Amino acid sequence: MTLLQLVLNGLVQGSLYVIVALGLTLIFGVLVKINFAHAEFLMLAAFAGVVSIDTFNLSYGVSVLVATLVGASLGVAIEFGIFRPLRKRRTDELRPLVATVGVSILLQNLALLYFGPNPRQYQSPYMQKTIELGELYLSYQRAIVFVVAVAAICALFVFLRRTAPGRAMRAVSQDSDAASLMGINVSRIVLMTFVIGSALAGLGGGLLGPMLVIEPTVGANIIVLSFAIVVIGGFGNVNGTVIAGLLVGIIESLVTGYLEAGLSSLAIFGVLLLTLAVRPTGLIAERVEQNV
Amino acid sequence: MFSSLARQQWVRSSLPVLVAAVVIMTAPSLVTGSFWQRVIILALFNVVLAMSLNLVIGYTGLLALGHGAFLGIGAYTSAVLTTTYEWAFWAAFFVAGITAAACGLLLAVITLRLRGHYLAIATLGFAVIVYQVLMNWIDVTRGPLGIPGIPTPPNIPLGNGTELDFGLPAAHIYLAGAFAIVCYVLIRRIVNSPMGDALRAVREDEISAKSLGIRTFAWKCFAFTVAAFAAGLTGSLYAGYMGILEPSAFVLTVSFTLLAMVIVGGAGTLVGPVIGALVLTIVPEALREVGPEYRMILYGLALTLVVLFFPQGLVGIGAALRSRFRSSSRSKPDEPPSDSTGTGFAKEVPVDAS
Amino acid sequence: MTLLEVTNVTKKFGGVTAIDEVSFRAEAGRVLALIGPNGAGKSTMFNVISGNYAPTSGTLRFDDRDVTGANSVAMSRLGVSRTFQKIRLFKALSVMDNVVIGAQSSAPVAPWRFFFGGGAVRAAAAETRKHALEMLDLVGLGDVGDVRADTLSYGQQRMLEIARALATKPRLLLIDEPAAGLNQAEADGLVRRLRLIRDQGITLMLVEHNMDLVMDIAEDIVVMNFGKKIAQGAPREIQENPDVIRAYLGEEAMA
Ligand SMILES: Nc1ncnc2c1ncn2[C@@H]1O[C@H](COP(=O)(O)OP(=O)(O)OP(=O)(O)O)[C@@H](O)[C@H]1O
Ligand SMILES: [Mg+2]
């Protein structure tokens, strides 16, 4: 494959990573908490997509919608089930992370129990047809994924910058105490963030189906990559996450294309550790002095 | 002559060790099935892993998510040295510990200026890297094929003409048990001394600790290195017991189960992780016949519920029951909260002083 | 003798100049109060002296040694100890353990030696506990050593921070707003105890808004406003200094 083809494939894959990682980063920005079960939402949403096509004979488009809704509902569930109760109890910062590690193990194995370990695949009508752009090939399916992902990212940007709730979300993200003083209902914003972030994970799951096989461990593979992306891009930094996600997609595609598939996560996590060692706040954010 | 206080102290410090020793000595004759003997051995390994991880998580307040990586490093170091290079087992054992410790120190130096979530993700990334190295460094690790034919520890003569024969599971129970007891005693020495105080100070408030002259960075490195060392040694014993290693034994899930053991048992206490490791190794095995998924479902459920409802873990539940029982039977006022029943983790963002 | 000499120290946070070319000296064995309106830069000055922040420019000398840029661990080991304006105790540990941890840093036996045990180590441990208990008694917390630090009242927590800082056997003790949140009885007790501490030969530096307390105990006063030093002198001189009066009146007029 040519370099350009690999970069193109990487961009498509990366756009998927971006929407998953954006969910994580939005939640971190607003709450300074990590939802470790985020990628299990993606996995369950992907299964919901499979089921709605296989069992209910819905169309691909509708299945993506179903997956998105499933993601959003899981977001609501985890906010009410885990994050809000722990927030009320004012426990230490990292407890929700530990609790959601538990949730993630739980969901993954419940899925294993229910759906079995055998990988499933979406029946998408767009797999076979390809678009040719000179030397470059792109399946219809991938083109759709890319377009939808980019559209979702753009919609999110518009939402954050142009709408009142989006601006409120950014205000909470900057300084939740100040936002609260300004009369913003922080708790509602947090819920909204979970809905949007988790819907993005669900959308990722729905889109992912035809490109990958769906199995209960698919979330586990993606969550660590998303973490790498979120850290490289700077926790809570939306622009950084977009760049880092595309970058990771491209690195993965290049390393897999020229070297070996297994080495790609070595490369990505190498970059992750390097980022953390040199510039823990990410590629973009600024250093701040600790208050004493 | 012992004063009564000294006797009390002796009882408190030596009794658990003696009881554990007796239990381990008799275990192979009480539990004869090979399935449950294997469970006991793995449980003892997990005890050491959980205790060492607790040093980092519970006492120092650093959420490390990749402890299984050090187990893998130790296991593979030992396996490669004893097979490819035909080293003696015990030489490989110590080198395995030292290699893991060196990796732990390296990781610490790279990442310990970070706190909280960043550290959690860095250690997660480290575990992924180690796993990928095991999978892809085919020349040394044979990748997914794994390393077969790892020798057991050499038999130990017992003086009276008999030998401790590592062809039999009983010998592995004795070895793992002795190792766990030694680790327990040494870790207890650390946490019950000013070293433990320094670690707790780091957990509670790093800025204060520094202002009292505590070199917090060095202590964090210390906790990481000691924990990695213990995990590396455990890895070597694990390799010697299993006889065959595959990278899949060191996936991230292993690290998460260890985390669950520490938290479910009670982070920041001495016995918490021991109890957590025993319970979470033995109970799920009893469920194995129902279906393998139930094992992990139990882990996930236990971890989530404990964090939500019993932040002090099983040890905390036990203490609460005891004090309720005591106060109802003797109507004695509640004991003051004990010092170090881990509150868990340190704060991520220092509070503004303005 | 001069114990601490601050020369032309400036500290900037991004665009904010929290301390602007401030110089003063703290004489050994005396009580120096650092006062000024909110945001004057007093706590920042403490953070610079204690090594929590490195100064942007200027020099610090402690005990005739250049300590500019030394970190807080180094400063603590040189004999500078501090309390925090916003209390920072080891909350989940016992009152006694808070102080023992402070005392350990001045103990002659390094922590790692406890791993190997032995008579010298046991003796040192006993000595450390004894010293810690003395410090607790000094601040009036001798009989609550076993309770968790975060169960103490606010005033007791402030006193515990002082005991913990004292346990390091400092030569210079920086106390940031010790009377904040104390009732009158507690404040009186505080003054008495601060005198006891001074009588042990420990040099005290105090940031405090309670002027009665300051005038009562301080021997020298440095006044800051908007990061600059605006006056320095004995309490009586400061009370009559027009710049100081204006700084404080200005603050009140604004409030
Ligand atoms: N870590 C920091 N980052 C940014 N600005 C800071 C920091 N610490 C202090 N400042 C700023 O420096 C100035 C001086 O603050 P400082 O806390 O030293 O005042 P202070 O005299 O102690 O006031 P107060 O009496 O209210 O405690 C303030 O404007 C404050 O906002
Ligand atoms: Mg102040």
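Note that the structure is a prediction, hence the values are computed from the model and not measured. Residue numbers start from 1 in every chain, and the chains themselves are labelled A, B, ... in the order their sequence lines are given, proteins ahead of strands.
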Visitor: Examine distances only and state if a side-chain atom of Gln200(C) and a backbone atom of Ile197(C) form a donor-acceptor pair shorter than 3.5 Å.
Guide: no

Visitor: Taking every heavy-atom pair that is under 4.5 Å apart, which of Ala201(B), Ser208(B), Ser193(B) has the most such pairs with chain C?
Guide: Ser208(B)

Visitor: Quick check against the 3.5 Å criterion: does Arg193(C) have a side-chain atom that pairs as donor or acceptor with the backbone of Leu138(C)?
Guide: yes

Visitor: Are Thr168(C) and Ser81(C) close enough that a side-chain donor and a side-chain acceptor fall under 3.5 Å?
Guide: yes

Visitor: Val95(C) versus chain B, heavy atoms under 4.5 Å apart: side chain, backbone, both or neither?
Guide: neither

Visitor: Select one option (side chain, backbone, both, neither) describing which atoms of Ala198(B) are under 4.5 Å from chain C's heavy atoms.
Guide: neither

Visitor: Under 4.5 Å heavy-atom distance to chain B, tell me which part of Phe116(C) shows up: side chain, backbone, both or neither.
Guide: backbone

Visitor: To check you understand the geometry: which heavy-atom pair defines the closest contact between Arg164(C) and Arg88(C), and what is its length?
Guide: NH2-O, 2.9 Å

